[in-house]
Visitor: 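Before anything else, here's the structure in question.
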There are 2 protein chains.
Amino acid sequence: MSHMKATIRSVSVELFFKKGYFATSISDIANGCGIQKASIYHHYASKEDLLFSILKGTMDDLTDCLKTSLAGSDDVEQQMRAAVRSHVRFHLERQKETFIANSELRGLTSEHHKIIVQKRSEYERVFQNLIQEGGEKGVFAEGDVKILSYAILTLCTAGATWFKPDGRLSIDEIAAIYDGFIISGLKQSA
Amino acid sequence: MSHMKATIRSVSVELFFKKGYFATSISDIANGCGIQKASIYHHYASKEDLLFSILKGTMDDLTDCLKTSLAGSDDVEQQMRAAVRSHVRFHLERQKETFIANSELRGLTSEHHKIIVQKRSEYERVFQNLIQEGGEKGVFAEGDVKILSYAILTLCTAGATWFKPDGRLSIDEIAAIYDGFIISGLKQSA
DNA sequence: CAAAATCTACCGACCGGACGTTAGGGAGAT
DNA sequence: ATCTCCCTAACGTCCGGTCGGTAGATTTTG
């Protein structure tokens with residue numbers, strides 16, 4: 001990826017995060033890059049292509065991150081803890097991209113939309129399998145797998161909405177809080 | 001509110017939910033109402049005014065709903081359970097409006113934005129006070145009040161993202177799952 | 001090795017269309 | 001006579017995207 005192409009990408013992430021995809025114009029992006037808007041089209045085929053490439057890259061990295069973090073153990077509870085922490089960390093470290101990935105899906109063409117949704121389904125399935133396995137082994141209480149997986153994922157994902165990088169708590173502290181909260185909820189002592 | 005004004009509102013909710021605020025044009029709304037787009041302006045001053053009135057009405061109803069549900073008890077745990085169930089029910093029963101209220105804030109002017117954010121802060125404070133009080137009385141484990149409140153609220157709020165009214169589980173069943181999950185998390189046995 | 005051809009990165013000007021909004025008017029109810 | 005509610009018609013603006021072109025680097029070729 002050329003230097004300017006990377007610049008366009010990062011300026012777009014910044015603007016899509018701050019103003020939203022539809023409220024950001026190609027001129028805005030070009031302006032932020034210090035070039036003319038026609039030059040954008042030398043690097044990206046369309047505005048939608050730009051959005052898609054951001055979303056796809058982010059989803060791929062997210063998936064890789066999860067796979068790496070699961071490789072260390074084969075104990076269900078430890079794996080769930082690792083998965084939660086990986087999920088939280090990624091969403092807070094790359095807050096802007098993940099926020100976009102969760103709020104701007106409607107900007108995609110239907111084919112691109114399908115691709116991203118499928119990637120997300122595969123990602124969710126990892127968590128669902130862990131909940132299922134944990135339930136069968138008696139590590140977690142029995143419960144509705146889908147609802148619980150949505151609960152866990154959206155919980156962490158939403159962090160990207162309110163997180164302030166220079167706030168009171170560090171990413172690892174937040175990850176630890178979520179980790180504890182979720183594992184308690186899955187064990188369902190109440 | 002006149003009949004047509006109510007129709008415009010409900011058509012807008014439908015379209016804002018399905019396509020998003022910026023992707024929905026005044027023509028789309030007029031079309032859905034069976035009138036000309038200029039006629040919209042007899043009932044609402046602008047597109048933004050329409051969005052704001054939807055958001056404000058929804059937030060007011062949400063707050064009322066919470067207040068009513070808390071009046072029944074003065075036990076902290078029971079109140080938290082009631083609050084969670086109220087929050088979940090409202091977000092699933094009025095899924096489209098709450099979804100918009102959580103995703104289209106950027107469409108507002110800065111004054112209107114401020115008003116809605118303030119209403120939301122007051123709403124959040126109710127939950128934060130319950131967590132605080134529960135912590136002091138030893139009903140819940142000690143923990144970061146803000147993070148936990150965000151966790152609880154976004155958890156339920158996110159339900160409006162994936163909920164299917166004709167799905168496998170009823171609203172009350174989902175509310176019960178969330179209730180158990182959250183209370184366990186707050187008691188932090190893990 | 002130099003000239004010719006090609007490729008890369010960008011620009012200024014422009015296009016068709018869609019958008020939110022306004023002006024002015026008309027039919028019916030009060 | 002006035003007010004409500006909706007109409008037709010138009011306005012100015014901005015947007016995504018295209019076009020033809022240029023300066024410079026790189027590669028190909030006689």
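Because the structure is a prediction, the values reported are computed rather than measured. By convention in this document, chain letters (A, B, ...) are assigned in the order of the sequence lines, proteins followed by strands, and residues within each chain are numbered from 1.
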Visitor: Hey, would you say the H87(B) and Y178(B) ring centroids sit under 6.0 Å apart?
Guide: no

Visitor: Working to the nearest 0.5 Å, report the span between OG of S2(B) and NE2 of H43(B).
Guide: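 It is 5.0 Å, given to the nearest 0.5 Å.
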
Visitor: Kindly point out which of dC5(D), dT8(C), dC11(C) is positioned nearest to the side chain of H42(A)?
Guide: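 Nucleotide nearest to H42(A)'s side chain: dT8(C).
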
Visitor: Name the one of K18(A), K47(A), K19(A), K37(A) that satisfies salt bridge (Lys or Arg N to Asp or Glu O under 4.0 Å) with D28(A)?
Guide: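 The residue from K18(A), K47(A), K19(A), K37(A) that satisfies salt bridge (Lys or Arg N to Asp or Glu O under 4.0 Å) with D28(A) turns out to be K19(A).
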
Visitor: Parallel, tilted or perpendicular, judged at 30° and 60°: which one describes the rings of F181(B) and F181(A)?
Guide: perpendicular

Visitor: What is the per-nucleotide protein-contact pattern of nucleotides 8-27 of chain D, from the 5' end, where B denotes a base atom under 4.0 Å from a protein heavy atom, S denotes such proximity for sugar-phosphate atoms only, and - denotes neither?
Guide: BBB----SBBBB--------

Visitor: Regarding D61(A) and R94(A), does a basic nitrogen lie under 4.0 Å from an acidic carboxylate oxygen?
Guide: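 So D61(A) pairs with R94(A) through a salt bridge.
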
Visitor: Is it true that the side chains of Q132(A) and Q128(A) contain a donor and an acceptor less than 3.5 Å apart?
Guide: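 No - no donor-acceptor pair under 3.5 Å links their side chains.
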
Visitor: Can you list the stems that DNA chain C is part of, where a stem is at least 3 pairs in a row, each Watson-Crick or G-U, with both distances below 3.5 Å?
Guide: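 Stems (3+ consecutive pairs) listed as C:1-30 with D:1-30.
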
Visitor: Check the distance between dC5(D)'s C1' and Y44(B)'s OH and give it to me in whole angstrom.
Guide: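 Value for this atom pair: 15 Å.
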
Visitor: Quick one: which of I29(B), I26(B), L51(B), I8(B) gives a side chain to side chain contact (heavy atoms under 4.5 Å, CB included) with Y44(B)?
Guide: I8(B)

Visitor: Using whole Å, report how far NE2 of H3(B) lies from C1' of dC6(D).
Guide: 15 Å

Visitor: Could you please spell out the steps behind the side chain to side chain contact (heavy atoms under 4.5 Å, CB included) verdict for T24(A) and S12(A)?
Guide: CA-CA 8 Å; T24(A) 301; S12(A) 300; over 6 Å; no

Visitor: Quick one: is dT8(C) close enough that its OP1 or OP2 comes under 4.0 Å of any side-chain N or O from H43(A)?
Guide: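 The answer is no; no side-chain N or O of H43(A) sits under 4.0 Å from OP1 or OP2.
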
Visitor: Starting at CD1 of I40(B) and ending at P of dA23(C), how long is that distance when rounded to a whole Å?
Guide: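 Rounded to whole Å, this separation is 18 Å.
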
